[in-house]
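Values below: every heavy atom of this structure, side chains too, minus hydrogens, waters and symmetry copies. Start at 1 and go down the list; that is how both ligands and their atoms are numbered. When a residue number appears, it is its place in the shown sequence, counting from 1.
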Amino acid sequence: KVPRVGERQDMHVTDITTTPSRVSINKPTDRNKTNGSDPPLQIHDSTDKKSFQFQPKCNITVKDSLSAISRAKTELCKQEIADVSCLSLEGKLFPKDIQNYCPFKGNHTSGFYYGCFGDKTEQRDLSHHKEFPDTNSPKNCIKYCTSGGYLYAGLQYMKECWCGDRFGSHGKVDTSLCNNQCPGDPSKPCGGYQANSIYTTGLGAKIKNPVELLGPITQTTQVKIVFVLTLNGRAVRQVRRLLKAIYHRDHFYYIHVDSRQQYLYDELLPLESMLPNVRLTRNRFATIWGGASLLQAHLAFIKELLEMTDWTWDYYINLSESDYPIKNLETLVNFLTRYNGKVFMKSHGRDTPKFLKKQGLDQIFHECDNHLWRLGPRELPNGLRFDGGSDWVGLHRKFCEYVITSDPLLDGLKEFYKYTLLPAESFFHTVLQNSIFCDKWMDNNLHVTNWIRKKGCKCQNKHIVDWCGCSPNDFKSTDLQRLMVFEQRPRFFARKFEPAVNQDIINSLDLYLFKDRPQDMKSYTKYWQNEFHFKDKTSNKTDTLLSFYGSFQRKSLESQKLSSCHLKPVRTLESNAYFVEDHYNGALVLYEAQHEQSGKIVTLESHFTKRRHYIVSDPQGPAGRLLSLEIGTEYDLKENIFRNFGQLIGPYSDLTLEHSWSSGSDFTVSVAWIDPTDVVAASYDIEIPGTNHIGSLKPDLKVPLRPGVWKVKLMHKWEVVAETSFLVVPLTTFQHRPVKFQQVLSFHNGPGSLYIDKDFKDFDTVLQVNRTVQLQKDADSNGRKTGDQLDQWVDNLTKAFWEYQNICISGESSIGCLELDICEKTLWSSRSEDPKSELHGIDSKSGRLR
Ligand code: UDX
């Protein structure tokens, strides 16, 4: 029997659309691994270690806090965590009681009644309320029901405004309680109740009649929107396309780019001088997933936007790089004009206690070192109705003006949400519910979100937050019908869309939204996504990429077409992942080369595609079910793709194996990882279920991996049934400069011990590996190579995995020997036209972007 090593990480992929839930984790991930594939650099610690040593100010005993302190990298972050934990122990982190200003709630007269009002208790006679222990204590009541939406402790009875289909069924109706206006829907009658018989749909009843809501409006002045784009990643072409889809000269476009994404920022900055109503904020945050910084960022944006007196917006609508409109701008503007004054926010629903738990609102979090640390449980402040849901919102200017001011409610909540996971999914909701704006709520976030819980809730963000969060999935071509269902409903955007995953659905939406757009453009089904730019300073995989790209350049310049011209590569400018009809179609490398005789420099672009190879040796057996076997890095558990599209792997890469199977009978297979010297680095057992299945496995090998060709072999009952190989490229550069002898010695000779703490020699026979002296000698000699010798070794390796396709020249060339296609006119080139993502100024007639 093959021994099991490590953790099994395979999983089912099933399509079920349900509302997601977030589940906490107890075992935070190992942060010592680098996410990139370059050798680790010295960890940057902003504090001077000699003069600063972390000192807890109290005796910290909370398990989660201690764990966070032990895992934090910098002394400063450890200190912050300790300080937050101590303040929390002293009860000083945020106020215990927070004032509620919603005029429709909490009016009370004499006496006391403690009860929990909400779905679970509705229709009960609250005077003999028994299900909550010790209901005579206001504290307990808060604990059980603050949550509950409609709980108010210490009130003899409460009054609440309500409207909707249950109107009049219970309680004593008192229309004066809601100023005779139904808060969720002004077209409905409204009422109120007194709480000895409670039955309510609460504030913000759902919009019931969408067709009517989308209808024509009578107001003459239309609202103006500021679209707040919070951007991350490198999908600059998609961002331009999004801007084009939502742009009109009458509205405003405020862009925040994560402070760690310099490429995206640099590419978008020129928009400011081209378009008067576009602005990139200089106040940039490292807005990590789920982090407290995203709320800080929104509060800063609101402040900055209100100070820009020439931007006279009425609505603040946030969007990300993966949002796209599903209705045209005019329909949205009409809708908001009709409901001008309302605040649009989607609530989680009715089971607030469940929401609070799953969202981790009862836990303290602190953000530092670009990580959100969980520090232990906390009590929620008293006196509030907590709410939350989606952080995609439509905030009215008046509400924004209020939010950035100061009063006990705002100050208390701002303190509370500083230490909160996904704060933007709950801060605005809770402010709204407890402020004088509480009757302005519309339970609608203007969005359709593609939640597929089984795919999106795989703890894929646990290296960033100490929690298992969920993310929506990307829409694909087959989702068009599902999206069209929303045609008659007040939803204006959908998420998520990613052209690197599926551009076809975005094309379909464009066709539907902008019937006048030319659809015959040659780049229509093509997509380019930048992977490297010479100005990138922060990437932690540059050296791995440059080692590949250098080899591609040498290979191109030695090709038949060019060899007589004597060019040598000078520097890599850019690279793009190239997609055709939603399939990855290789890497495009743009670089400068110098003509040896004349010294002239030309800019060239080369196209390389990946060779795929895996062999099934026993198609009759269970391995006949195998559909693919791939090794790569940056595996996205949610979309089942490698974000490192070309699977460019270096000695410091964190590997993942993806294996996919058609249906059949279940069985167990062993996976062995074999290094270039035929050392069996690791072996794992994985159970393959009988269903169609995509699984992934992280082997957790010690780095550096020995460069060269690695093999992965699948064994069933001690027989090799399938195998594949992958390349770990030797590094030709370190921090962008050619590697030195001392560096290759440490990068290119393996981890210096076993890859995992177990010797797998016993497997040699069954795996047919033959660890010869010669192999080891070759590896040792390769491991000492630098300069030209190193380049040759790399070139020998890359040719088995990458295939040269084509080359073009960008701009004019005055070198006679070069007769190449001009990139600007070559369809595959990243320099060729891409009208769907190009912006050519404002059309004076329509006010839209050309
Ligand atoms: C889900 C929810 O839909 C979203 O409302 C919530 O904010 C996060 O979880 P998800 O797909 O997981 O969304 O997150 P994603 O869209 O990747 O990121 C949310 C926002 O944060 C985007 O605007 C994104 O640009 C930004 N972000 C994310 C950064 O600025 N930097 C990062 O490192 C990650």
Side-chain angles (χ1 to χ4, degrees), residues 19-23 35 227-236 238-239 242 254-265 268 280-281 283-298 300-301 316-324 344-348 355 358-360 365 367 369-372 388-394 417 420-429 445-453 455-465 467-475 493-498 500-501 538-540 634 636-639 643:
T19 324
S21 62
R22 301 185 197 272
V23 187
N35 271 332
F227 291 96
V228 175
L229 307 185
T230 54
L231 306 179
N232 183 40
R234 304 181 82 90
V236 61
Q238 179 58 22
V239 171
L242 166 65
Y254 178 91
I255 298 176
H256 173 263
V257 181
D258 186 308
S259 59
R260 296 160 299 171
Q261 300 290 351
Q262 201 53 27
Y263 164 76
L264 190 59
Y265 183 82
L268 295 174
L280 271 75
T281 180
N283 190 4
R284 290 168 64 195
F285 297 77
T287 31
I288 62 167
W289 188 94
S293 48
L294 192 57
L295 174 60
Q296 303 310 322
H298 277 297
F301 305 160
Y316 179 101
I317 291 184
N318 59 334
L319 296 175
S320 81
E321 66 283 349
S322 52
D323 289 84
Y324 209 70
F344 293 85
M345 262 181 227
K346 182 100 194 103
S347 169
H348 62 279
F355 170 76
K358 295 215 157 149
Q359 192 80 359
F365 286 86
E367 185 176 328
D369 284 358
N370 286 332
H371 188 87
L372 194 67
S390 168
D391 58 357
W392 306 102
V393 292
Y417 280 98
T420 303
L421 167 80
L422 287 157
E425 288 188 355
S426 168
F427 170 79
F428 294 111
H429 296 68
N445 66 349
L446 314 171
H447 269 73
V448 177
T449 308
N450 192 24
W451 288 113
I452 306 175
R453 177 197 172 88
K455 288 187 178 187
C457 298
K458 288 182 177 162
C459 302
Q460 60 272 37
N461 288 310
K462 70 176 176 186
H463 56 293
I464 301 163
V465 303
W467 199 256
C468 270
C470 301
S471 294
N473 275 87
D474 290 342
F475 283 108
F493 302 94
R495 78 192 311 263
K496 304 176 76 164
F497 296 96
E498 277 192 282
V501 173
T538 48
S539 166
N540 54 6
E634 299 165 51
D636 181 335
L637 285 164
K638 175 171 80 75
E639 301 298 334
R643 293 281 166 184

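- Listed by atom number, the atoms of ligand 1 under 4.0 Å from Pro472 heavy atoms are 1 (C), 3 (O), 10 (P), 11 (O), 13 (O).
- For Arg284, the salt bridge (charged side-chain N to carboxylate O under 4.0 Å, His left out) test picks out no residue, with sequence neighbours left out.
- Close approach of ligand 1 to Glu425 (heavy-atom distance below 4.0 Å) involves ligand atoms 2 (C), 4 (C), 5 (O), 6 (C).
- Between the side chain of Asn370 and the main chain of Ala286, no donor-acceptor pair closer than 3.5 Å is present.
- Between Phe355 and His348, the ring planes are parallel. Angles under 30° get that label, and only those over 60° would be called perpendicular.
- Counting only heavy atoms from C-beta outward, the side chains of Phe493 and Ile317 approach each other to under 4.5 Å.
- In summary, the atoms of ligand 1 found under 4.0 Å from a heavy atom of Ser471, numbered by their order in the structure, are 10 (P), 11 (O), 12 (O).
- Distances below 4.0 Å separate heavy atoms of Arg260 from the following atoms of ligand 1: 31 (N), 32 (C), 33 (O).
- At least one N/O-N/O distance between Thr230 and ligand 1 falls below 3.5 Å.
- For Glu639 and Lys496, the salt-bridge test fails: no basic side-chain N is under 4.0 Å from an acidic carboxylate O.
- Residue contacts with ligand 1: Trp392 is placed with a nitrogen or oxygen under 3.5 Å of a nitrogen or oxygen of the ligand (distance criterion only).
- In this structure, Thr230 OG1 and Trp392 CH2 are separated by 4.0 Å, a value rounded to the nearest 0.5 Å.
- In terms of the ring-ring contact (aromatic ring centres under 6.0 Å, His included) criterion, residue partners of Phe497 (sequence neighbours excluded) are, by chain and number, Phe475.
- Ligand 1 is never approached by Ser390 to a heavy-atom distance shorter than 4.0 Å.
- Under 4.0 Å from ligand 1, not a single heavy atom of Gln261 appears.
- The N/O atoms of Trp451, backbone and side chain alike, include none that comes under 3.5 Å of an N/O atom in ligand 1.
- Between Ser259 and Phe285, the closest side-chain pair of non-hydrogen atoms is not below 4.5 Å.
- When heavy-atom distances to ligand 1 are checked against a 4.0 Å cut-off, Leu231 comes that close only through its backbone atoms N, CA, C and O.
- No donor-acceptor pair under 3.5 Å is formed between the side chain of His447 and the backbone N or O of Ala494.
- Residue nearest to atom 13 (O) of ligand 1, selected from Lys638, Arg495, Lys496, His256: Arg495 (by heavy-atom distance).
- Annotation: Asp391 places an N or O atom under 3.5 Å from an N or O atom of ligand 1; distance criterion only.
- Close approach of ligand 1 to Glu321 is summarised as follows: ligand atoms under 4.0 Å from at least one heavy atom of the residue are 24 (C), 25 (O).
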